[in-house]
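Everything on this sheet refers to the single structure shown next.
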Amino acid sequence: MIRYRSTNCAAPAADLREALMRGQAPDRGLYLPERFPTLDVHTRRSFAEREYADIATQVLAPYTEGLLAPDELAELCRQAYDFPVPLEPVRDEDRVYILRLDRGPTASFKDFAARWMARVLSRLVARSGRPLTILTATSGDTGSAVASAFHRVPGIRVVVLFPREEVSDRQRRQMTTLGDNIRTVALNGKFDDCQALVKQAFADPALEGLNLSSANSINVGRLLPQSVYYFYAAARVAGPEQAVDVVVPSGNFGNMMGAVIARLMGLPVRRLVVPVNRNDEFPRYLATGRYEKVVPSRACLSNAMNVGHPSNLARLIAVYGGWMDETGRICQEPDLAAMRRDLYSVSVSDDETRAAIRQAWERHRLLLEPHGAVAWWGFQLYRRETSARPVPTVVLETAHPAKFPEEIERLLGFRPEEPAALKALDHLPESCDTLEPRYEQFRDYLLALPRP
Ligand SMILES: *Cc1c(COP(=O)(O)O)cnc(C)c1O
């Protein structure tokens with residue numbers, strides 16, 4: 001059975017149930033599996049022929065051992081992954097593929113993790129009989145994915161905080177139109193303020209009775225399922241021993257940590273390319289070896305990546321032998337040379353993001369939205385700057401273009417086709433509370449909520 005250790009090393013190792021329930025470790029670190037079982041060549045080759053849910057079951061089985069029976073895990077993966085996962089070769093490119101992770105119910109890649117975790121947690125709550133409050137901060141897509149994944153799950157209540165001015169109409173409607181067990185709070189502040197309130201609530205003994213849990217990307221239940229699609233994609237574009245490059249547009253670094261985990265499990269990722277928007281703390285860190293958060297975080301077109309201090313860096317640094325505490329201070333240096341060998345990161349401006357949307361369409365008839373466009377531009381820079389020998393490359397598109405209809409129409413002259421689930425939102429009533437970024441007010445709000 002795999003146990004989960006805190007990146008701050010001052011809390012006891014936890015089993016998966018405890019790590020899922022706590023979200024954050026008691027020493028304010030993030031949980032990380034104590035070891036990463038490898039998948040052999042034969043298994044990874046078999047993935048080329050197998051369905052997504054089936055691959056998820058095999059990749060995740062060692063992590064859920066002791067908590068879920070194999071049949072239970074397989075059933076839960078089938079329920080969570082009931083939508084297509086398209087992998088498209090890019091026209092006029094040599095072995096470059098777009099992995100579209102945007103076909104879930106809320107049209108962003110966050111559905112992959114949220115839907116899995118909701119199903120695991122609902123089983124735990126059913127067993128314990130103790131209701132749970134999921135508290136989550138979102139810069140756009142986490143909230144809708146989490147809210148949708150937990151909507152009407154008995155015994156679980158969800159409170160989503162989002163920065164009032166920083167989410168699109170669509171993103172807000174995806175959260176505020178659900179109702180039932182889903183409460184939404186529009187904060188007069190930034191994403192960082194939302195995150196700070198959530199962190200403080202978790203540390204507040206006055207809220208213990210609420211049985212708080214986090215579905216943020218800090219929860220290890222959100223992290224593990226994000227390793228699966230790298231196995232799925234690599235098996236479809238390359239042999240099991242052939243190196244691939246992977247490009248992941250990044251904000252809080254949970255998605256890219258999925259790729260790091262896949263690599264630790266034996267996937268031959270040559271370079272993991274992690275383009276970011278103008279929140280450029282990570283590429284600057286790789287270049288200089290000095291870490292400075294971006295405070296306040298910068299509002300960019302790719303708004304789900306407006307993160308000035310990615311929580312998951314603590315995990316990345318831990319994997320490379322270092323220690324970053326919860327404030328972003330590096331207490332022990334990681335192996336920076338190894339990080340530079342394995343990772344490539346670059347900051348992409350909004351102008352470049354727009355240019356990428358235009359270029360991808362004009363040159364390849366490839367339709368991208370701002371997050372995927374950051375990835376695409378970063379990939380072009382990576383090829384130019386490193387003159388790397390081409391290997392099969394998987395570029396992630398993390399949201400559906402129809403979530404950004406105005407921007408795309410302005411750039412390309414047409415509106416992307418909308419998935420039915422998004423279209424329906426325009427006619428549903430919204431319900432939402434507004435708060436200031438003050439902790440006492442937030443705590444009172446939580447304490448006044450009815451029981452789930
Ligand atoms: C959340 C999100 C990202 C960033 O993912 P991280 O795991 O936070 O790095 C990228 N694109 C979209 C569409 C997102 O919703």
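Atoms within each ligand, like the ligands themselves, are counted from 1 in listed order. Everything numeric in this text was worked out from a predicted model, so none of it was measured. Computed from heavy atoms alone, side chains included, the values below leave out hydrogens, waters and symmetry copies.
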Where is the nearest protein heavy atom to atom 11 (N) of ligand 1: which residue, which atom, and how far? Thr398 OG1, 2.7 Å
Could you pull out, from Lys110, Gln171, His371, the option with a heavy atom nearest to atom 3 (C) of ligand 1? Lys110
Polar atom proximity, Phe253 to ligand 1 (N or O, under 3.5 Å): yes
N/O of Gly251 under 3.5 Å from N/O of ligand 1, yes or no? yes
Give yes if a backbone or side-chain nitrogen or oxygen of Asn252 is under 3.5 Å from a nitrogen or oxygen of ligand 1, and no if not. yes
Are side-chain heavy atoms of Val146 and Thr138 found at a separation under 4.5 Å? no
Would you name the heavy atoms of Met256 and Val248 that are closest together and state the gap between them? N-CG1, 3.8 Å
Looking at Arg315, is its backbone amide N or carbonyl O close enough to the side chain of Asn312 to form a donor-acceptor pair, meaning the two atoms are under 3.5 Å apart? no
Kindly check if the number of other-residue, nucleotide or ligand heavy atoms within 6.0 Å of CZ (Arg17) is above 12? no
Numbered atoms of ligand 1 (with element) below 4.0 Å of Met305, judged on heavy atoms: 3 (C), 4 (C), 10 (C)
Does an N or O anywhere in Gly254 fall below 3.5 Å from an N or O of ligand 1? yes
Establish, from distance only, whether the side-chain atoms of Asn8 and Ser6 form a donor-acceptor pair under 3.5 Å. no
Using a cut-off of 6.0 Å, state whether more than 12 heavy atoms not belonging to Arg365 lie near its atom CZ. yes
What I want to know is whether Asn255 and ligand 1 share at least one N or O pair that is separated by under 3.5 angstrom. yes
